[in-house]
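Worksheet for the structure shown next.
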Number of protein chains: 2
Amino acid sequence: MKKVARTEIPRKAIYRLSVYSRCLHRLENNGIHTVSSEVLAKAAGVKSTQLRKDLTYFGQFGTRGLGYDVKQLIEMISERLGTKSLQPVVIVGIGNLGRALLSYRGFAQEGFEVVGAFDVSPSRCLSGNSSMKVQSMEELPKIIDKHFVKMAVLCVPPTAAQEVANQLIEYGVVAILNFAPIVLSVPDEVTVNNINLAMELENLSYFINE
Amino acid sequence: MKKVARTEIPRKAIYRLSVYSRCLHRLENNGIHTVSSEVLAKAAGVKSTQLRKDLTYFGQFGTRGLGYDVKQLIEMISERLGTKSLQPVVIVGIGNLGRALLSYRGFAQEGFEVVGAFDVSPSRCLSGNSSMKVQSMEELPKIIDKHFVKMAVLCVPPTAAQEVANQLIEYGVVAILNFAPIVLSVPDEVTVNNINLAMELENLSYFINE
DNA sequence: AAATGTGAAGTTGTTCACAGCT
DNA sequence: AGCTGTGAACAACTTCACATTT
């Protein structure tokens, strides 16, 4: 029975908030201080009515006849998304994908700090061009505790994914970005976002046939 | 006015087809030949009514009182998804992510063959543990032509993404898996699936706050 | 005049209830 | 009896139309 007030905000609206945020940053960099829903919506690839509706889920931020204050909207969104302060993240499973994510500069840019990289056999993982040391799974609880980690990126093989997820949750993680192609079963209070490359490709494949 | 009959199939249903397919393969490996919508739905993490509805978008495949023939359903789905034969794919932009995808074994497993890897400066890309040679962008049209490539994975920096997408489309690509965090504008007949790591993280971040 | 905010209408997707096979 | 297939009810999300504010 938690997130009562929040549940009524469509999940898709929250995704769009991220898009708006990116567009707003571009506008800000171009020295633009005020933007109408019409213009921002176009930049984000949505209808202006949808943008306005999305924003009203969180309050009223515009000035009628004028539009929205770019800086203020950015503030508001990053507050609502919880990206105002650096969010600590661990990456578990340093195979090809895990390694790529470790050296992905985007994390820091978007307000996430990778505070740990873990693998069952850390020695196997040539850490590549990343400076982060890969640690064994035994260190996981320590690091999660020390940095108050709430978020994990899961790149282990599908066979290990559920077990590792269970561990993460036990140690206090409440949000998992799951790259393993299986359906994780987790308690209600844990949020899982799945990224499944094979599924995306198969989906595209469908649309190729006419 | 194309895909008239297909447009009415919800895109989400097509994604779920991929999930069902994976579950069915697991069942098949366990020597199970027949499955009810109830059981398969549970494995896929959906309601049984939804599974049945999804399948009826494509026809009738079950036997009342009995269930579905596992093998036959697998056949049907792979046919509808267009994964019966190997689908050729090119990867453009061999940075960290591109390199990871190049050495990702999942592609072949799921019916996709990477027939080319491209980058503006191929020499920069230490091809890592993959055996595939990285080629310069000039080779792109040749390879697309030679292998009848319809699908591309786009891993270039956001500033280059639109331009490269335009090229791909010009050369005949009609489906793009886009990792660049921008909204690509493409003609109607081209399908784009976006994967945006930052957005997924931000989205999770929202759910961490209670 | 210009642009937001929002109830109501419309659209899309999901679940129910049950008829219809095997 | 058991389980699929499906029209109808329902729920979620999007778009419209317009009242409201600056």
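Just so we're clear, the structure is a prediction, and the values are computed from it rather than from any experiment. Labels below follow one simple rule: chain letters A, B, ... track the order of the sequence lines, proteins then strands, and each chain is numbered from 1. What you see below is based on every heavy atom in this structure, not just the backbone, and it leaves out hydrogens, waters and symmetry mates.
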Between [atom2] of [N] and [atom1] of [X], the distance in whole Å:
{"X": "A:L66", "N": "C:dT4", "atom1": "CG", "atom2": "C1'", "result": "10 Å"}
{"X": "A:L55", "N": "C:dT6", "atom1": "CG", "atom2": "P", "result": "11 Å"}
{"X": "A:I9", "N": "D:dA11", "atom1": "CD1", "atom2": "P", "result": "20 Å"}
{"X": "B:Q72", "N": "D:dT4", "atom1": "CD", "atom2": "C1'", "result": "13 Å"}
{"X": "A:L51", "N": "C:dA3", "atom1": "CG", "atom2": "C1'", "result": "12 Å"}
{"X": "B:Q50", "N": "C:dT12", "atom1": "CD", "atom2": "P", "result": "17 Å"}
{"X": "A:K12", "N": "C:dT14", "atom1": "NZ", "atom2": "P", "result": "9 Å"}
{"X": "A:L40", "N": "C:dA2", "atom1": "CG", "atom2": "P", "result": "20 Å"}

When we call it a touch if two heavy atoms are under 4.0 Å apart, what does A:S37 touch: a base, just sugar-phosphate, or nothing?
sugar-phosphate
Look at all strands and tell whether B:K53 reaches a base, only sugar-phosphate, or nothing, counting heavy atoms closer than 4.0 Å.
base
Hey, does B:S36 have a side-chain heavy atom less than 4.5 Å from the side chain of B:V39?
yes
Is any side-chain heavy atom of B:V92 closer than 4.5 Å to one of B:L168?
yes
Given B:R22, B:R16, B:R80, the one that forms salt bridge (Lys or Arg N to Asp or Glu O under 4.0 Å) with A:E202
B:R22
Between [N] and [X], is there an OP1 or OP2 to side-chain N/O distance shorter than 4.0 Å?
{"X": "A:R16", "N": "D:dT14", "value": "yes"}
{"X": "B:Q60", "N": "D:dT6", "value": "yes"}
{"X": "A:Y68", "N": "C:dG5", "value": "yes"}

Counting side-chain heavy atoms from C-beta on, which of [options] comes nearest to [X]?
{"X": "A:R64", "options": "D:dG5, C:dT4, D:dT14", "value": "C:dT4"}
{"X": "B:K47", "options": "D:dT15, C:dC16, C:dG13", "value": "C:dC16"}
{"X": "A:R52", "options": "D:dC3, C:dT14, C:dT6", "value": "C:dT6"}

Whether the A:Y15 and A:D54 side chains hold a donor-acceptor pair (N or O, under 3.5 Å, no angle test) is what I'd like checked.
no
Consider only side-chain N and O atoms of B:N196 and B:E200, and report whether a donor and an acceptor are under 3.5 Å apart.
no
Whichever of A:Y57 and A:T63 has the more 5' nearest nucleotide on DNA chain D, that residue is A:Y57
5'-most by nearest nucleotide on DNA chain D - A:A13 or B:E38:
B:E38
